[in-house]
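Each remark here refers to the structure printed beneath this line.
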Amino acid sequence: MIYLDNSATTWPKPRGMAAAMLECMHRYGASPGRAGHSMSLKVSERVYACREAVAELFGTEDPAGVVFTANATEALNIAIKGMLKPGDHAVITSMEHNSVLRPIHALTTAGVRYSMARGNIYGYVEPERIESLIRANTRLIVATHVSNVCGTVNPIEQIGEIAQKHGICFLVDAAQSAGVIPIDMERLHIDMLAAAGHKGLYGPQGTGVLCIRPHVNPDCLKQGGTGSYSEQKEQPEERPDKYESGTLNAVGICGLLAGVTFLKRVGVEQIGAHEARMAGMLMEDLSVIRGVRIHGLPTLAGRTGVVSFTVDGMDCVEIANELDARYGIACRAGYHCAYTAHQTIGTDRTGTVRLSPGAFSVVAQMKSTARAIAELARR
């Protein structure tokens with residue numbers, strides 16, 4: 001199998017990830033923060049070590065502000081629904097995943113309003129467009145760091161400066177950039193950051209993080225047992241307890257810690273550069289195939305290792321199915337849960353086929369994939 005669906009979930013995982021999960025399950029798989037016995041204390045230590053590792057990775061000052069979630073979607077829901085109240089206004093971009101668009105759109109029934117800054121044909125959103133949409137009651141700006149459709153990198157630092165200038169909370173969807181592009185929340189003026197553990201952080205499915213800086217205080221999405229302040233009827237305000245009701249996925253978090261440790265050992269910049277090299281080979285070979293159109297920026301500058309393409313006269317889902325069935329190539333076709341992004345880049349009637357290399361992709365796989373697409377395009 002040639003696996004080119006890393007934008008959805010990275011695979012394979014670093015060797016130590018599964019081992020870390022098995023060690024937790026076999027040696028100290030108790031509930032973290034729920035007891036004082038040695039097994040509970042040991043797993044609590046691993047959970048806190050993961051908070052520290054994630055905080056260091058993303059340049060946020062307080063590990064207690066690292067909230068563990070089931071995925072980036074849950075993290076975005078906490079941030080969006082925790083910040084926006086009736087009468088508030090938000091600014092988002094046309095490149096957002098439905099994990100941003102749908103929670104904000106759902107809040108319109110409660111009196112929240114939002115405006116959408118449209119990107120250009122390459123999926124790039126000019127910061128000035130976002131600033132032009134700010135109103136007196138704008139409370140939140142949300143921007144995807146990297147498009148999951150075409151890999152275009154958006155100017156997060158400039159958008160963060162605009163948010164800071166206007167005193168508006170800035171939330172970044174880093175589902176596609178975490179582990180691929182170095183991120184420093186303080187330097188980039190990011191107030192909240194959502195990331196998926198199972199993508200570029202090389203952790204298991206069922207893990208995600210929401211990093212909340214100390215000056216931001218969204219409401220919690222759910223209430224319940226936290227292992228702390230049990231005598232109170234109210235949800236504790238202390239972080240991370242405020243946002244982590246219920247028993248944590250400790251086994252998954254141990255796997256996530258192993259994934260982040262792998263990232264730090266290899267280097268985020270090195271992984272990003274490797275993925276870009278793989279994507280560059282694909283783009284070079286696909287660009288000379290008659291009928292193939294590559295969407296997004298025409299060069300590697302300003303994009304990550306994601307290659308989205310269409311073939312004239314061919315259905316994208318059919319292409320992906322053929323690549324899987326005939327050539328053993330795993331990729332994704334369709335709208336990628338981001339229809340407004342397709343409207344922006346002009347593929348809303350067709351969708352695209354998305355190829356997304358990962359840290360373990362190799363040159364021979366890229367060449368085989370290009371040859372397979374060339375054969376399909378000639379049919």
Side-chain angles (χ1 to χ4, degrees), residues 5-10 53-60 66 69 71-73 75-76 79 92-100 119 122-125 127 130 141-160 163 170-203 207-211 213 256 259-260 262-264 266-279 296-297 300-308 336-338 341 354 356-359 361:
D5 196 20
N6 287 279
S7 288
T9 292
T10 50
V54 171
E56 181 182 355
L57 181 69
F58 294 136
T60 184
V66 175
T69 62
N71 39 53
T73 298
L76 289 163
I92 67 173
T93 83
S94 65
M95 299 305 294
E96 300 309 311
H97 191 276
N98 280 341
S99 295
V100 169
Y122 303 118
Y124 182 84
V125 182
I130 290 177
I141 294 173
V142 191
T144 186
H145 193 175
V146 171
S147 168
N148 73 309
V149 172
C150 58
T152 298
V153 181
N154 274 310
I156 293 302
E157 184 171 6
Q158 293 93 317
I159 298 171
F170 182 35
L171 166 64
V172 170
D173 178 0
Q176 298 297 324
S177 60
V180 177
I181 299 174
I183 298 172
D184 186 315
M185 292 179 65
E186 185 173 359
R187 183 181 65 82
L188 299 175
H189 313 291
I190 299 171
D191 299 302
M192 295 188 290
L193 180 140
H198 64 100
K199 298 180 189 283
L201 299 185
Y202 285 88
T207 59
V209 294
L210 175 64
C211 298
R213 295 189 61 200
L256 178 59
V260 174
F262 161 77
L263 280 178
K264 291 182 176 180
V266 177
V268 171
E269 290 179 327
Q270 285 73 17
I271 289 175
H274 174 76
E275 291 185 8
R277 281 195 299 273
M278 297 298 103
L297 291 163
L300 283 175
R303 67 184 295 160
T304 59
V306 175
V307 180
S308 243
H336 319 301
C337 300
R354 185 182 69 188
S356 49
S361 299

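We're numbering straight along the sequence, starting at 1.
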Looking at every non-hydrogen atom in both residues, tell me the closest pair between [X] and [Y] and how far apart they are.
X	Y	result
Gly305	Pro357	O-CD, 3.0 Å
Met185	Arg213	CE-CG, 3.7 Å
Val149	Ser308	O-OG, 2.6 Å
Leu297	Gly302	CD1-O, 3.2 Å
Phe58	Leu201	CZ-CD2, 4.1 Å
Gly358	Glu275	CA-OE2, 3.6 Å

[X] vs [Y] side-chain heavy atoms within contact, under 4.5 Å:
X	Y	value
His145	Gln176	no
Asp173	Leu76	yes
Val306	Asn148	no
Val209	Leu256	yes
Tyr124	Ser147	no
Val142	Phe170	no
Ile141	Leu171	no
Leu263	Tyr202	yes

Quick one: [atom1] on [X] to [atom2] on [Y], what's the gap to the nearest 0.5 Å?
X	Y	atom1	atom2	value
Thr207	Lys199	OG1	NZ	11.0 Å
His189	Ile156	NE2	CD1	12.0 Å
His97	Cys337	NE2	SG	4.0 Å
His198	Thr10	NE2	OG1	8.5 Å

Quiz item: Would you say Gln270 has more than 12 foreign heavy atoms packed within less than 6.0 Å of its CD?
Solution: yes
Exercise. With Cys211 as reference, evaluate Val66, Leu57, Ile183 under the side chain to side chain contact (heavy atoms under 4.5 Å, CB included) test and give the passing residue.
Key: Val66
Quiz item: So which of His336, Met95, Arg354 actually passes side chain to side chain contact (heavy atoms under 4.5 Å, CB included) with Cys150?
Solution: Met95
Quiz item: Would you say the side-chain atoms of Thr152 pair up with the backbone N or O of Tyr122, donor to acceptor, closer than 3.5 Å?
Solution: yes
Exercise. Check for a donor-acceptor pair, side chain of Ser99 on one end and backbone N or O of Thr73 on the other, with a separation under 3.5 Å.
Key: no
Exercise. Using the side chain to side chain contact (heavy atoms under 4.5 Å, CB included) rule, take Val146 and Asn154 through it: C-alpha gap first, then chi angles, then the decisive distance, then the call.
Key: CA-CA 6 Å; Val146 171; Asn154 274 310; over 6 Å; no
Quiz item: Can you list the steps and then say if Leu193 with Leu210 is a side chain to side chain contact (heavy atoms under 4.5 Å, CB included)?
Solution: CA-CA 6 Å; Leu193 180 140; Leu210 175 64; over 6 Å; no
